[in-house]
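The sequence lines fix the lettering, A, B, ..., with proteins before strands; numbering per chain opens at 1.
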There are 2 protein chains.
Amino acid sequence: MQHSAQFSTRQRILGAAEELFAERGFAGASLRQVTAAAKVNLAAVNYHFGSKDNLIEEVFRRRLDELSRRRLERLAQLEAAGNASLETVLDAFITPALELSLDRKGGSVFMRVLARAFAEHNSNLRNFLSENYGHVLKDFAASFARLLPQLDKEELYWRLDIAVGALTYAMADFGMIQRRSGESERAHREQMAKHLIHFTAAGLRA
Amino acid sequence: MQHSAQFSTRQRILGAAEELFAERGFAGASLRQVTAAAKVNLAAVNYHFGSKDNLIEEVFRRRLDELSRRRLERLAQLEAAGNASLETVLDAFITPALELSLDRKGGSVFMRVLARAFAEHNSNLRNFLSENYGHVLKDFAASFARLLPQLDKEELYWRLDIAVGALTYAMADFGMIQRRSGESERAHREQMAKHLIHFTAAGLRA
DNA sequence: CGGCGTTTCAAACAATCGTTTGAAGTCTAG
DNA sequence: CTAGACTTCAAACGATTGTTTGAAACGCCG
């Protein structure tokens with residue numbers, strides 16, 4: 001590998017793939033559409049990633065490595081400071097995703113790609129995500145268990161399952177609420193995060 | 001159209017398509033896979049439905065016509081009897097979907113297909129669903145507005161948006177909770193509905 | 001400047017895609 | 001029993017799919 005040239009090509013492919021996967025799904029976006037959008041040669045995908053499936057995994061890895069790190073970092077800070085509450089722990093989960101969404105170019109579409117992964121029954125993809133990033137959900141679940149000692153394990157898992165659904169759906173912006181014309185993207189998503197934390201905390205507590 | 005023969009073929013195609021769309025997505029499931037699973041000739045799809053896109057719409061229509069009717073029927077009964085509460089209105093929305101899921105053969109996968117529709121950015125599909133079944137969500141939203149008069153319109157819509165996400169995700173069974181070995185499918189889904197109503201009511205009320 | 005990994009490129013691969021065709025088959029009404 | 005509408009069928013259409021190929025272009029080091 002060289003230092004300069006392949007960087008741009010790899011990154012351009014990943015960006016275009018992310019966008020098209022969000023818009024048309026993994027099967028719906030062809031490599032020709034991806035390479036055309038990235039303005040690179042068709043063969044570059046197989047040269048840099050080996051196959052379409054590997055490209056899909058790499059699209060996840062590029063974002064999830066840092067997202068997971070930040071989430072766990074915030075969670076650890078809360079636990080260390082003794083500030084853990086339903087609201088702050090939910091915030092630790094949501095805010096890094098929010099910041100990713102607001103990152104210049106492409107961050108917001110990634111949450112849609114992530115939501116698509118839930119819809120896919122594809123066991124390869126689910127195993128990849130579970131093996132590499134499952135520990136994040138595990139740590140958060142442990143934190144919630146401490147904060148909701150009155151709930152037995154089964155009750156807790158039901159509620160967490162529902163909460164993950166609400167978070168996934170909302171962060172992917174699947175809903176009907178549109179950003180108001182005068183409102184910035186940042187303000188819109190911060191509003192969403194605020195309502196999401198409030199709603200989900202109440203549901204967990206209920 | 002004849003009375004007997006085409007019925008079986010049409011229905012077999014719809015059933016197989018529903019199952020494969022749930023498993024692999026609309027783009028991921030080919031007509032050859034569908035017709036092979038349905039044990040009919042490849043050309044039968046275009047003969048009976050005209051195109052793949054029309055087949056997709058028909059998969060939705062077959063289930064949503066009755067599902068919407070039952071939901072509105074229950075909602076009207078509640079309003080007429082003066083029994084409307086957050087819990088009963090949520091029940092009116094969820095229970096018909098639950099019954100569909102428990103219907104013999106295929107009902108349970110349809111909720112997964114429906115959830116995929118949310119993930120698709122496809123504007124044709126979204127318009128089709130919004131035009132034909134949007135009034136159901138409208139009626140329920142009006143009912144919730146009456147039950148939550150302390151919330152202004154914007155606050156209410158945020159919460160309903162989040163609630164729809166939680167319901168969609170959960171009914172599609174995207175979560176991590178697996179049915180316990182001793183437990184029947186019916187018992188599992190009834191548990192889910194119970195927790196879903198409890199969680200969502202608390203979130204709306206919060 | 002010459003040589004050598006690295007990357008890009010146009011072209012082609014077999015396979016599969018949604019759709020169309022026209023003939024063969026099936027059924028019912030007269 | 002026959003006429004005619006309806007349905008099924010094998011086969012093929014051109015377009016598009018992911019992937020591979022070998023040569024051309026590139027960039028760096030000696």
Side-chain angles (χ1 to χ4, degrees), chain A residues 1-60 62 113 116-117 120 122-125 128, chain B residues 1-60 62 113 116-117 120 122-125 128:
Chain A
M1 290 217 283
Q2 267 174 253
H3 292 70
S4 54
Q6 108 289 354
F7 177 79
S8 175
T9 297
R10 261 187 74 100
Q11 222 62 17
R12 295 241 298 286
I13 292 174
L14 286 170
E18 187 175 64
E19 216 153 323
L20 284 165
F21 288 159
E23 188 183 324
R24 313 180 189 188
F26 304 113
S30 75
L31 293 186
R32 281 171 179 80
Q33 293 167 347
V34 168
T35 52
K39 290 175 183 163
V40 301
N41 188 272
L42 167 63
V45 169
N46 285 278
Y47 176 76
H48 286 282
F49 300 97
S51 70
K52 185 180 184 179
D53 281 340
N54 285 347
L55 169 61
I56 293 173
E57 290 192 1
E58 211 57 36
V59 166
F60 283 102
R62 178 172 71 142
V113 178
R116 278 200 187 263
E120 295 288 330
N122 187 314
S123 51
N124 287 337
L125 184 53
F128 165 77
Chain B
M1 290 217 281
Q2 268 173 253
H3 291 70
S4 54
Q6 109 289 357
F7 177 79
S8 175
T9 297
R10 261 187 75 100
Q11 222 63 17
R12 296 241 296 285
I13 291 174
L14 286 170
E18 187 175 64
E19 217 153 322
L20 284 165
F21 287 158
E23 188 183 322
R24 312 180 191 188
F26 304 114
S30 74
L31 293 184
R32 281 172 178 79
Q33 292 167 347
V34 169
T35 52
K39 289 175 184 162
V40 302
N41 187 273
L42 168 62
V45 169
N46 285 278
Y47 175 76
H48 286 282
F49 300 96
S51 69
K52 186 180 183 179
D53 281 339
N54 284 347
L55 169 62
I56 293 173
E57 290 192 0
E58 210 58 38
V59 166
F60 284 101
R62 178 171 71 143
V113 178
R116 277 201 187 262
E120 295 288 332
N122 187 312
S123 51
N124 288 337
L125 185 52
F128 165 77

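- Every residue meeting the side-chain contact (heavy atoms from CB on, under 4.5 Å) condition with A:D53, not counting sequence neighbours, appears here in chain and number order: A:S51, A:I56.
- Under the side-chain contact (heavy atoms from CB on, under 4.5 Å) criterion, A:A22 pairs with A:V109, A:R112, A:V113, not counting sequence neighbours.
- The side-chain contact (heavy atoms from CB on, under 4.5 Å) search around B:A27 returns A:A27, not counting sequence neighbours.
- Among the heavy atoms of the strands, none lies under 4.0 Å from A:A44.
- In terms of position along DNA chain D, the nucleotide closest to B:A43 lies nearer the 5' end than the nucleotide closest to the other residue of the pair A:G50 and B:A43.
- For C:dA10, one of the phosphate oxygens OP1 or OP2 lies less than 4.0 angstrom from a side-chain nitrogen or oxygen of A:N41.
- Atom CG in A:L55 sits about 10 Å away from atom P in D:dT19, given to the nearest Å.
- Between D:dT8 and B:T9, a contact under 4.0 Å exists linking OP1 or OP2 to a side-chain N or O.
- Partners of B:R116 under the salt bridge (charged side-chain N to carboxylate O under 4.0 Å, His left out) rule, at least two apart in sequence or in another chain, are A:E120.
- If you take CZ of B:F21 and C1' of C:dG18, they are 12 Å apart, rounded to a whole angstrom.
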Between the protein and nucleotides 13-18 of chain D, which nitrogen or oxygen pairs come in under 3.5 angstrom?
residue, atom, partner, partner atom, Å
D:dT17, OP1, A:S30, OG, 3.1
D:dG18, OP1, A:K52, NZ, 2.7
D:dG18, OP2, A:L31, N, 2.9
D:dG18, N7, A:R32, NH1, 2.8
D:dG18, O6, A:R32, NH2, 2.8

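- Here B:H48 does not reach the OP1 or OP2 of D:dC6: none of its side-chain N or O atoms lies under 4.0 Å away.
- Rounded to whole Å, atom C1' of D:dT19 lies 13 Å from atom CG of A:N54.
- Taking atom CZ on A:R12 and atom C1' on C:dT8, their separation rounds to 12 Å, with Å as the unit.
- Separating the OH atom of A:Y47 from the P atom of C:dT7 is a distance of 4 Å, rounded to the nearest angstrom.
- Annotation for A:F21 and A:A29: closest pair CD2-CB, 3.8 Å, computed over non-hydrogen atoms.
- Within the structure, the side-chain hydrogen bond (donor to acceptor under 3.5 Å, both in side chains) test picks out the following pairs touching residues 23-45 of chain B (sequence neighbours left out): B:R24-B:Q33.
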